[in-house]
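Worth knowing before you read on, the calculation uses all heavy atoms, side chains too, and leaves out hydrogens, waters and symmetry mates. Lettering of chains follows the sequences in order, A, B, ..., and the numbering in each one begins at 1.
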2 protein chains.
Amino acid sequence: MSNKPKISEAEWEVMKVLWNRSPVTANEVISALSGKTAWNPRTIRTLINRLVAKKALGFEKTGRQYHYYPLVSEEASVQTETKSFLERVHGGTLKPILAAFLEEQKLTPDEIAELKEILDKS
Amino acid sequence: MSNKPKISEAEWEVMKVLWNRSPVTANEVISALSGKTAWNPRTIRTLINRLVAKKALGFEKTGRQYHYYPLVSEEASVQTETKSFLERVHGGTLKPILAAFLEEQKLTPDEIAELKEILDKS
DNA sequence: ACATAAGTATTACACATGTAATCGAAAAGT
DNA sequence: ACTTTTCGATTACATGTGTAATACTTATGT
């Protein structure tokens, strides 16, 4: 089952909150995002609702409040996104991709070592 | 100037044709894509028009025919896409991303060596 | 019990995207 | 010169996305 729902860019921010901690209420998602984004709480609720409609999130009712939790794992979603990304830039040279990776992620030495290990094993 | 126009997934296919060879006519783009996609020629013309509107493509008229060519480089576009992709999954663990990369089997041993070199230098 | 507040559900609306069809103009055949 | 074909330009339309506002429902305080 667990088919890969397409998660939009804004929705992705919501998912990251839920992957980080769950189950949480809509309000908790809203306050978690209030530092990061300038979205209206209504907007965030809309995003949550869409994610529920897409079956990327589930919830349990506790009284009138809903506690949301992910129905898709972060790992699987990253995989899906990455695959789609790679398909799109297929044929592009790989070097600038990794270069951007390195530049953007500000990799720690530990992470670099880990990546090298992955490369070694392949 | 040359600001980064957002190129959609379908449009990206058109750009790849043009990055590969240009300037070419719409019909040449259409036949280049006829093997890869099942799009109606009308659809491809629409995509070309949108890319022109986004200033991702330019053209010269030769008689009544237009010869299109990219206004943005593949390198720059890959960079932009990659940055956006990374921002979206930012905070996600890096390992599954590289794992997906490797799984796609885009990496030849030569490339792996090259990547390791990049990692070494950073 | 009833009003109020706090959640959730429904509706809105503009712009992007996928996927074309139709309109109009100009080149080319007859 | 007129008709037909061939391009490009304009228009279409459903669905997705960003960004909310409004309506509805139900705890909760009084």
Q: Show your working on side chain to side chain contact (heavy atoms under 4.5 Å, CB included) between A:Lys116 and B:Asp120 and close with a plain yes or no.
A: CA-CA 9 Å; A:Lys116 277 200 280 197; B:Asp120 279 334; 2.4 Å; yes
Q. Yes or no on side chain to side chain contact (heavy atoms under 4.5 Å, CB included) for B:Val29 and B:Thr25, after CA distance, side-chain angles and deciding distance?
A. CA-CA 6 Å; B:Val29 174; B:Thr25 66; over 6 Å; no
(Q) Please determine whether side chain to side chain contact (heavy atoms under 4.5 Å, CB included) holds for the pair A:Lys61 and A:Tyr66, giving the CA-CA distance in whole Å, both sets of side-chain angles, and the decisive distance to 0.1 Å. (A) CA-CA 4 Å; A:Lys61 319 177 85 140; A:Tyr66 289 5; 3.3 Å; yes
Q. Could you go step by step and tell me if B:Leu51 and B:Met15 meet the side chain to side chain contact (heavy atoms under 4.5 Å, CB included) rule?
A. CA-CA 8 Å; B:Leu51 286 166; B:Met15 290 305 291; 3.8 Å; yes
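The stretch residues 21-47 of chain A participates, sequence neighbours left out, in these salt bridge (charged side-chain N to carboxylate O under 4.0 Å, His left out) pairs: A:Arg21-A:Glu28.
Using a cut-off of 4.0 Å between Lys/Arg side-chain N and Asp/Glu carboxylate O, B:Glu81 and A:Arg88 are scored as salt-bridged.
Atom pair A:Leu33:CG and D:dG18:P shows a separation of 13 Å (rounding to whole Å applied). Atom CD1 of A:Ile48 and atom P of D:dT17 are 17 Å apart (whole Å). B:His67 has its NE2 atom 11 Å from the P atom of D:dC7, to the nearest Å. Atom CG in B:Asn49 sits roughly 13 Å away from atom P in D:dT11 (whole-Å rounding). In this structure, the NZ atom of B:Lys6 is 14 Å from the P atom of D:dT17, given to the nearest Å.
Between A:Glu13 and A:Val17, every side-chain heavy-atom pair lies at or beyond the 4.5 Å cut-off. In this structure, B:Val52 and B:Tyr68 have side chains that are in contact, with non-hydrogen atoms separated by less than 4.5 Å. Within the 4.5 Å cutoff, side-chain heavy atoms of B:Phe85 are placed close to those of A:Thr82.
Judged purely by atom type and a 3.5 angstrom limit, B:Thr80 uses its side chain to pair as donor or acceptor with the backbone of B:Ala76. Using modelled atom types, no side-chain atom of B:Lys55 and backbone atom of B:Leu71 make a donor-acceptor pair closer than 3.5 Å. A donor-acceptor pair is defined here as one N or O able to donate and one able to accept, closer than 3.5 Å; such a pair exists between the side chain of B:Glu11 and the backbone of B:Ser8. Of the possible donor and acceptor atoms, one in the side chain of B:Trp19 sits under 3.5 Å from a partner among the backbone N and O of B:Val72. In this structure, the side chain of A:Thr43 does not engage the main chain of A:Trp39 through any donor-acceptor pair within 3.5 Å.
Annotation: the span from B:Lys54 atom NZ to B:Leu47 atom CG amounts to 9.0 Å, rounded to 0.5 Å. Expressed to the nearest 0.5 Å, how far CG of B:Asn49 lies from CD1 of B:Ile44 amounts to 12.0 Å.
Contacts between residues 19-29 of chain A and DNA chain C, counted as heavy-atom distances below 4.0 Å, involve A:Ala26, A:Asn27. Contact check of residues 35-45 of chain A against DNA chain D (heavy atom, cut-off under 4.0 Å) returns A:Trp39, A:Asn40, A:Arg42, A:Thr43.
Protein chain B contacts DNA chain C from C:dT17 to C:dA27, reading 5' to 3' and using non-hydrogen atoms of the protein with a distance under 4.0 Å.
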Where do N or O atoms of nucleotides 24-30 of chain D meet protein N or O atoms at under 3.5 Å, pair by pair?
none

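Between B:Glu9 and A:Tyr68, the residue anchored closer to the 5' end of DNA chain C is A:Tyr68, taking for each the nucleotide with the nearest heavy atom.
Residue contacts shown for B:Thr46 include a base, since a base heavy atom lies under 4.0 Å away.
Each end of the helix from C:dA1-D:dT30 to C:dT30-D:dA1 yields a helix axis from five base pairs, and these two axes differ in direction by 20° (to the nearest 10 degrees).
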